[in-house]
Amino acid sequence: MDARSLRGLAHPLRMRILDLLALDGPDTATGLGRRLGENTGTVSWHLRHLADHGFIAEETGRGTRRERWWRAVRVARRLDTNDFRDDPDSQGALSVYLHETVHRDFGQVTTYLAEEWAAEWRDAGTLSRWQDLRLTPEQLAALNAELEAVVVRHREAAARDGAARDGAARDGAVPGAEEARPVIVQLQSFPRKERDER
């Protein structure tokens with residue numbers, strides 16, 4: 001993500017809109033406004049802003065001239081905060097983006113904990129923490145790369161399984177389709193200052 005894209009996205013409401021479109025699929029300004037408790041006109045303005053920066057696109061062939069449907073654009077976006085730390089024009093946007101990202105992740109975890117889940121789902125989820133690692137920067141980067149590779153491998157396998165289920169659905173048999181649910185993976189790994197450094 002470049003500085004222009006970061007400034008285009010770094011707004012609490014725009015980030016919430018994009019998150020809803022990415023997680024739940026296409027929606028209209030009216031639908032999003034209702035879900036977010038926001039005025040439809042305000043949501044429409046932010047939708048156009050997100051579209052101008054390439055984060056969302058209109059769902060063509062759906063809706064009417066007055067009621068446009070929007071979808072998240074599915075492209076890999078990587079934000080290296082080091083690219084912006086020395087850029088005074090991006091400092092505010094970076095701060096908003098990071099704050100909203102952490103707030104969103106925390107909200108997703110607390111929502112999960114407050115919801116009722118069947119035992120198999122409750123037992124499958126985890127909130128894990130390891131605090132006894134001592135790593136160099138290179139080791140921490142390697143750990144993150146390995147964990148990302150595991151998530152990517154599972155995402156690709158799920159996509160293949162989904163394609164197989166879609167084919168089976170056309171044939172009338174959909175094994176396991178009702179068991180699959182959207183899953184959020186959050187990983188937070190960062191260095192911590194020791195007591196005498198704080």
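- Not counting sequence neighbours, A114 has no partner by the side-chain contact (heavy atoms from CB on, under 4.5 Å) test.
- A donor-acceptor contact closer than 3.5 angstrom is absent between the side chains of T30 and T28.
- When the shell of 6.0 Å around CD of E116 is examined, it contains 12 or fewer heavy atoms from other residues, nucleotides or ligands.
- Under a cut-off of 6.0 angstrom, the local environment of OH in Y112 is crowded, with over 12 non-hydrogen atoms contributed by other residues, nucleotides or ligands.
- By the rule that hydrophobic residues join a cluster once side-chain heavy atoms approach within less than 4.5 Å of another member, L98 and F190 end up as members of separate clusters.
- Residues satisfying the ring-ring contact (aromatic ring centres under 6.0 Å, His included) criterion with H49, sequence neighbours excluded, are W45, H53.
- Between atom OG of residue S44 and atom CD of residue E67 there is a gap of 8.0 Å, rounded to the nearest 0.5 Å.
- Hydrophobic cluster membership of V96, counting Ile, Leu, Val, Met, Phe, Trp and Tyr whose side-chain heavy atoms lie under 4.5 Å apart directly or via other members: none, as it forms a cluster of its own.
- In this structure, T111 contributes its side chain and G107 its backbone to a donor-acceptor pair below 3.5 Å.
- Remark: E120 pairs with A118 by the side-chain contact (heavy atoms from CB on, under 4.5 Å) rule, at least two apart or across chains.
- Salt bridge annotation for R134-E194: present, with a cationic side-chain nitrogen under 4.0 angstrom from a carboxylate oxygen.
- A distance of 6.0 Å separates CG in L6 from CG in L79, rounded to the nearest 0.5 Å.
- To the nearest 0.5 Å, atom CG of residue D123 and atom CH2 of residue W117 are 13.0 Å apart.
- Here ring pair (Phe, Tyr, Trp, His ring centres under 6.0 Å) pairs that include residues 70-92, with residues two or more places apart or in two chains, number zero.
- For L147, the side-chain contact (heavy atoms from CB on, under 4.5 Å) partners are L143, L187, not counting sequence neighbours.
- With respect to R78 and E148, a salt bridge is recorded, a charged nitrogen being found less than 4.0 Å from a carboxylate O.
- Under the 4.5 Å side-chain heavy-atom criterion for grouping Ile, Leu, Val, Met, Phe, Trp and Tyr, I184 is not connected to L113 through any hydrophobic cluster.
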Side-chain atoms of residues 13-25: list all donor-acceptor pairs with protein atoms under 3.5 Å, sequence neighbours left out, distances to 0.1 Å.
from	atom 1	to	atom 2	distance (Å)
R14	NE	G8	O	2.7
R14	NH1	H46	ND1	3.0
D24	OD2	R35	NH2	2.4

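- Counting only residues at least two apart or in different chains, side-chain hydrogen bond (donor to acceptor under 3.5 Å, both in side chains) contacts with residues 89-107 comprise R7-S90, D87-S90.
- Between atom CD of residue Q186 and atom CD of residue Q188 there is a gap of 6.0 Å, rounded to the nearest 0.5 Å.
- Residue L140 holds its CG atom at 9.0 Å from CG of L133, rounded to the nearest 0.5 Å.
- For V102, there are no side-chain contact (heavy atoms from CB on, under 4.5 Å) partners at least two apart in sequence or on another chain.
- Among residues at least two apart or in separate chains, salt bridge (Lys or Arg N to Asp or Glu O under 4.0 Å) pairs with a member in residues 45-63 are E58-R68, E59-R62, E59-R71.
- Hydrophobic cluster membership of W69, counting Ile, Leu, Val, Met, Phe, Trp and Tyr whose side-chain heavy atoms lie under 4.5 Å apart directly or via other members: none, as it forms a cluster of its own.
- Residues M1 and F55 come closest through the heavy atom pair SD-CZ, 4.3 Å.
- Residues satisfying the side chain to side chain donor-acceptor pair (under 3.5 Å) criterion with D83, sequence neighbours excluded, are absent altogether.
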